[in-house]
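In each ligand, atom 1 is the first atom listed, and ligand 1 is the first ligand listed.
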Amino acid sequence: MRPRLLLALAPNVVLALLALWLKPDGAERGPALLSIIGNFHILALHIPAALLLIVPLFEVWERHEDAAGITVRRLSLISAVGAFGASFCGVLHAHFNGYAGDGVDRHLWAGVAASFFAAGAWVVLEQPRRIRLIAQGAAIAVMSLAAHVGGELVHDEGFPFRPNKAAAARLDKVMPAVEPVAKRDDYAQVIAPILEAHCVECHGAKKVKGKLRMDSLEALKKGGSEGPAFVAGDLKQSLIHVRVTLDPSDDEFMPTDGNPLTEEQVRAFALFIEGKPIPDDVAKAALAATRAPRQANKK
Ligand code: HEC
């Protein structure tokens, strides 16, 4: 039991220290090898995800009351090593490939915890079956939590219990019709949806390019490494306007990826910065371009 425990704990303690040391801060960095090993997180994570679920299945199937049978032992070992590997790649992925934010932190630590729990399920293989099943259940629970938080990072909040935009729009849950100018909150109903669709993927909770988040008005005012992105009444200081009105071939033009904003979207930004209400037709045209499905939007 003792050497087993040590064998299970040591790599995971190193993993936790590594996670503390290599903080995800949104910067993309080298060396290339570590960045690539990080990318393998997306592949490696399927190993523990699948195997941790299968271990209790064989446990029930094989019915060894005292020490676990050979299949359970092997699967448990591979899933513990797999959980460690996936978390290790994950720590590198977050640190070297430009991730940051609360969601990333939660996912990272849930992943490290899952690796501990998967190792724990391996440590207790000599124990009675009830204890083994409890340990396996705990590992599955923690792994599922980590997977869920990770899924939300990739597919937005609420995933997987959220239909796609077109399906939800049919239920009128997403993007309510534009309200007439008089009672509309221009930030919440026009500006935020545009930012959400075109900017937040690189300037939000998962990635914080240029140290700039664009998922709230406070964040825009706070700005990034080059200063505030929104300054009331000042188009020249407001980087969300500056960066989208440069020549599209300019290195600093935003968004760096995907289509440039439409004329109406830029106009909506300008009016909002100037503190003027956005007329209904501009708001509608700006949002219509935002709502267009991504593929149709691409050149
Ligand atoms: C595909 C990723 C991506 C998308 C989408 C994107 N950006 Fe950026 N953005 C970057 C990167 C990378 C930087 C950092 C390099 C730079 O400053 O040009 C950056 C930097 C910025 C900065 C400067 C931040 C600072 O203070 O350094 C602003 C302002 C900005 N983006 C605005 C926008 C706006 C507005 C949109 C949406 C219309 C947008 N970005 C969409 C990748 C993106």
- 4.0 Å heavy-atom contact, Gly223 with ligand 1: no
Nearest protein heavy atom with distance in Å, relative to [atom]:
atom                    : answer
atom 26 (O) of ligand 1 : Glu226 N, 2.7 Å
atom 5 (C) of ligand 1  : His198 O, 3.3 Å
atom 35 (C) of ligand 1 : Met214 CE, 3.5 Å
atom 29 (C) of ligand 1 : Leu239 CB, 3.4 Å
atom 27 (O) of ligand 1 : Ser225 OG, 2.8 Å

- For Phe84, what residues pass the ring-ring contact (aromatic ring centres under 6.0 Å, His included) criterion, not counting sequence neighbours? none
- Message: For the CZ atom on Phe40, are there more than 12 heavy atoms of other groups (residues, nucleotides or ligands in this structure) within a distance under 6.0 Å?
- Response: no
- Task: Can you establish whether the number of heavy atoms outside Arg29 located under 6.0 Å from its atom CZ is more than 12?
- Result: yes
Quick check: is [Y] connected to [X] through a chain of hydrophobic side chains (ILVMFWY, heavy atoms under 4.5 Å apart)?
X      : Y      : answer
Leu220 : Val266 : yes
Met214 : Phe253 : no
Val72  : Leu75  : yes

- Arg73 and Glu126 ion-paired at < 4.0 Å: yes
- Are Glu226 and Arg243 within salt-bridge range, i.e. N to O under 4.0 Å? yes
- Numbering the atoms of ligand 1 from 1, which are under 4.0 Å from a heavy atom of Asp257? 1 (C)
- Atoms in ligand 1 flagged as close to Gly224, the criterion being non-hydrogen separation under 4.0 Å: 26 (O)
- Can you find a protein heavy atom closer to atom 15 (C) of ligand 1 than 4.0 Å? no
- Message: Rounded to the nearest 0.5 Å, what separates atom CG in Leu51 from atom CZ in Phe58?
- Response: 10.0 Å
[Y] backbone acceptor or donor facing [X] side chain under 3.5 Å:
X      : Y      : value
His241 : Gln237 : no
Arg267 : Ala286 : no
Ser115 : Gly111 : no

- Query: Does ligand 1 have a heavy atom under 4.0 Å from the side chain of Lys211, from its backbone, from both, or from neither?
  - Reply: neither
- Tell me how many protein N, O or S atoms are closer than 2.8 Å to atom 8 (Fe) of ligand 1. 2
- Message: With respect to Glu201, determine whether any N or O atom, backbone or side chain, lies less than 3.5 Å from an N or O atom of ligand 1.
- Response: no
- Query: ligand 1 and Glu252, any nitrogen or oxygen pair closer than 3.5 angstrom?
  - Reply: no
